[in-house]
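Read through the structure below, which is laid out as C-alpha cells, and then see the notes.
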Amino acid sequence: MTVTADTTSLESGVRSYSRTWPTTFQRAKGSFLYTPDDEPYLDFFTGAGVMSYGHNNPILKDALLRYLTEDNIVHSLDMLTTAREDFLNTFTEQILRPRGLDHTVMFPGPGGANAVEAALKLARKITGRESIVNFTNAFHGMTLGALAVTGNSMKRGGAGIPLVHATPMPYDDYFDGDVPDFVYFERMLADSGSGLNKPAAVIVETVQGEGGVNAARLEWLRQLAEVCKKYEILLIVDDIQVGCGRTGGFFSFEEAGIVPDIICLSKAISGYGLPLALTLIRPELDVWEPGEHNGTFRGFAPAFVTATEAIRTYWSDKTLEESTISKGAFVEATLNSMVAKRPEGELTAKGRGLIRGLEFADPEKAAETCRNAFDAGLLVETSGPRDEVIKLLPPLTISEDELNDGLTLLRNAATDALD
C-alpha cells in the first residue's frame with residue numbers, strides 16, 4: 001500500500017524512513033512488519049535497534065497489559081512507584097552486579113540523546129573542564145550537545161550554530177593501520193604547546209552503527225581506557241544502539257574487560273519500543289544536586305514494566321547471549337562469502353554480534369541494494385558518511401530460518417545491483 005501524496009503533505013519534509021520505504025505499515029509481530037493488505041516485510045532494521053526482542057513480544061506484551069488493566073501508574077516524573085523500584089532492583093541484581101558494576105542509575109529523559117546530554121553535562125560538572133573528545137564518524141544524537149560530539153557533517157549542519165567544546169580524534173583503524181593507536185591523542189595531551197584543552201571526558205561507541213558499522217578492536221578499547229586513566233579523563237561509553245545484548249553480552253564493552261565511568265543506554269532497554277533511557281554513573285561520580293538535571297518524561301512506568309520483564313526473561317542465563325553470538329557468526333560467514341565472490345574491494349564485511357555491515361565501494365550500489373531488498377520484502381538501511389554501508393540489525397530473537405531467508409534476500413538484492 002503506497003503512501004498517498006495527501007498523507008505525506010501533512011507531515012514535515014524532515015521525514016526520512018517513509019521515503020526509503022514508501023508503503024504504509026499497520027501491524028507487526030516477531031521479525032515481521034505487515035501492511036494493511038497483510039503483505040509481510042522481514043525486519044532487519046528493528047527501529048534502528050529498538051526492537052531487539054521482536055515486535056509485540058508476547059511475554060513483554062502480557063506483562064504490559066496486566067500492568068495497564070490494573071490502573072497502575074503510567075506517568076510519575078521521578079516519584080517512587082512499584083514499577084520503578086522493581087526495575088531498579090532487577091536491573092541492579094541481574095545486569096550490573098553479575099558484571100562487577102556498581103554504577104548508580106539515572107533516568108535522564110525518554111531518548112538516547114537525553115542520556116548523552118546528561119553524561120556530558122555531568123562530566124563537565126565533575127571535572128570543571130568543558131572539552132569533550134569524540135571520534136571520527138561518531139553519532140551520539142541530534143540535540144546540540146550530542147551533535148557537537150557527532151561526526152556526520154550533514155547532521156551537524158542542521159544545528160544552525162557553531163558546535164563547540166568538542167575535539168574529534170581518529171577512531172580505530174582510521175588510518176588503515178599506518179599510524180600507531182593513540183599516538184596523536186597522547187602527544188596532544190602530553191604537549192603543553194598542543195593547544196588541546198584537557199578534556200573532561202572521552203565519549204566512544206564500541207561499534208559505530210550510524211557511522212558505518214565500524215567495530216573497534218578490543219585491544220583498542222583497552223588502550224583507550226588506559227589513556228583515560230593515565231590522564232584523569234572520564235570515559236563515557238555510548239551503548240545506546242549496540243548495548244542490551246546486540247553484540248552478545250548485555251554491554252558491548254564487556255568483552256574488552258573495561259569499566260566505563262559513565263554508560264549511556266536507550267533504544268532496546270525497554271524491550272518493547274517504549275521510550276526509556278539510562279545514564280549509569282560510578283557512585284563516586286554521582287554528584288548531582290536534587291533536580292539539577294530533570295525532565296517531564298524521565299521515568300515512564302510502562303517502559304519499566306517491559307524492561308524488567310525482558311531482563312527476567314532473557315538475561316537470567318546465557319541462552320540469548322550465546323544465541324546472538326552464534327547467529328552473528330552465521331551472518332558474518334554469509335557476508336564473507338558474498339565478499340569473496342566479488343572483485344577485491346567491491347564489498348567489505350563489518351561488525352560484531354548481530355550488528356553487521358556490508359560496505360560497498362560504490363554508495364549508489366548500496367542504495368540500489370536497499371531498494372531491491374525492499375521490493376523483495378526485506379527492510380535494511382544504509383549508514384556511513386556516504387551511506388555506503390548496509391546495516392543489518394535483525395531481532396536478537398529471530399529464528400534461524402528467518403535469518404537465513406533475510407540473508408538470501410540480501411544476497412539476491414546485492415547481486416542484482418552489482419551485476
Side-chain angles (χ1 to χ4, degrees), residues 12 14-17 45-50 52 106-125 130-169 171 199-214 234-244 246 251-253 260-270 273-281 293-298 300 303 355 381 383-385 387 391 393:
S12 166
V14 77
R15 63 184 178 85
S16 60
Y17 290 115
F45 170 65
T46 57
V50 170
S52 285
M106 175 186 179
F107 301 109
N114 299 106
V116 170
E117 293 285 356
L120 301 180
K121 185 174 174 181
L122 180 61
R124 288 166 171 144
K125 176 180 171 66
E130 84 286 350
S131 178
I132 304 291
V133 164
N134 60 300
F135 290 96
T136 51
N137 292 312
F139 179 79
H140 296 289
M142 299 296 281
T143 50
L144 290 180
L147 202 55
V149 291
T150 288
N152 186 284
S153 60
M154 184 274 287
K155 293 180 173 63
R156 290 175 63 88
I161 63 171
L163 297 170
V164 296
H165 308 303
T167 304
M169 290 290 167
Y171 193 71
V202 168
I203 185 167
V204 67
E205 304 154 278
T206 66
V207 183
Q208 295 180 326
E210 300 303 313
V213 196
N214 306 311
L234 298 178
L235 177 60
I236 303 169
V237 169
D238 179 344
D239 234 9
I240 288 165
Q241 186 164 88
V242 299
C244 302
R246 180 54 60 179
F251 296 105
S252 70
F253 55 80
D261 297 296
I262 304 174
I263 305 161
C264 302
L265 289 176
S266 186
K267 290 195 184 291
I269 186 61
S270 82
L274 302 176
L276 184 64
L278 312 179
T279 304
L280 309 180
I281 309 162
H293 186 95
N294 58 31
T296 304
F297 297 99
R298 62 186 185 277
F300 186 45
I355 176 168
E381 72 163 341
S383 67
D387 286 322
K391 182 170 63 175
L393 287 169

Please give me the minimum heavy-atom distance between [X] and [Y], naming the atom from each residue.
{"X": "Ala148", "Y": "Val164", "answer": "CB-O, 3.9 Å"}
{"X": "Phe253", "Y": "Pro260", "answer": "CE1-CD, 3.5 Å"}
{"X": "Pro199", "Y": "Val133", "answer": "CG-CG2, 3.6 Å"}
{"X": "Ile236", "Y": "Ala123", "answer": "CD1-CB, 4.4 Å"}
{"X": "Ser383", "Y": "Gly209", "answer": "OG-O, 3.2 Å"}
{"X": "Ala115", "Y": "Ala277", "answer": "CB-CB, 4.2 Å"}

Ser252 backbone acceptor or donor facing Asp239 side chain under 3.5 Å: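 Answer holds: yes.
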
Would the distance check show the side chain of Ser266 and the main-chain N or O of Gly112 forming a donor-acceptor pair, the cut-off being under 3.5 Å?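 Yes.
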
With respect to Gln241, which candidate in Leu265, Val50, Leu393 satisfies the side chain to side chain contact (heavy atoms under 4.5 Å, CB included) definition?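 The passing option is Leu393.
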
Calculate, to the nearest 0.5 Å, the distance between atoms [atom1] and [atom2] belonging to [X] and [Y] respectively.
{"X": "Ile161", "Y": "Leu147", "atom1": "CD1", "atom2": "CG", "result": "9.0 Å"}
{"X": "Thr279", "Y": "Glu117", "atom1": "OG1", "atom2": "CD", "result": "10.0 Å"}
{"X": "Leu120", "Y": "Leu144", "atom1": "CG", "atom2": "CG", "result": "12.0 Å"}
{"X": "Cys264", "Y": "Leu278", "atom1": "SG", "atom2": "CG", "result": "9.5 Å"}
{"X": "Ile203", "Y": "Asn134", "atom1": "CD1", "atom2": "CG", "result": "8.0 Å"}
{"X": "Lys125", "Y": "His293", "atom1": "NZ", "atom2": "NE2", "result": "12.5 Å"}

Please step through side chain to side chain contact (heavy atoms under 4.5 Å, CB included) for the pair Val204 and Asp238, ending with a clear verdict. CA-CA 6 Å; Val204 67; Asp238 179 344; over 6 Å; no

Test item: [X] and [Y] side chains (from C-beta on) under 4.5 Å apart, heavy atoms:
{"X": "Arg246", "Y": "Ser52", "result": "yes"}
{"X": "Phe251", "Y": "Leu280", "result": "yes"}
{"X": "Lys391", "Y": "Glu210", "result": "yes"}

After noting the C-alpha distance and the side-chain angles of Ile240 and Val116, does the key distance pass the side chain to side chain contact (heavy atoms under 4.5 Å, CB included) rule? CA-CA 9 Å; Ile240 288 165; Val116 170; 3.8 Å; yes

For Glu205 and Tyr171, run side chain to side chain donor-acceptor pair (under 3.5 Å): C-alpha distance rounded to whole Å, both residues' side-chain angles, the deciding distance at 0.1 Å, then the answer. CA-CA 10 Å; Glu205 304 154 278; Tyr171 193 71; over 6 Å; no

Stepwise side chain to side chain contact (heavy atoms under 4.5 Å, CB included) test for Phe139 and Asn152: CA-CA 7 Å; Phe139 179 79; Asn152 186 284; 5.5 Å; no

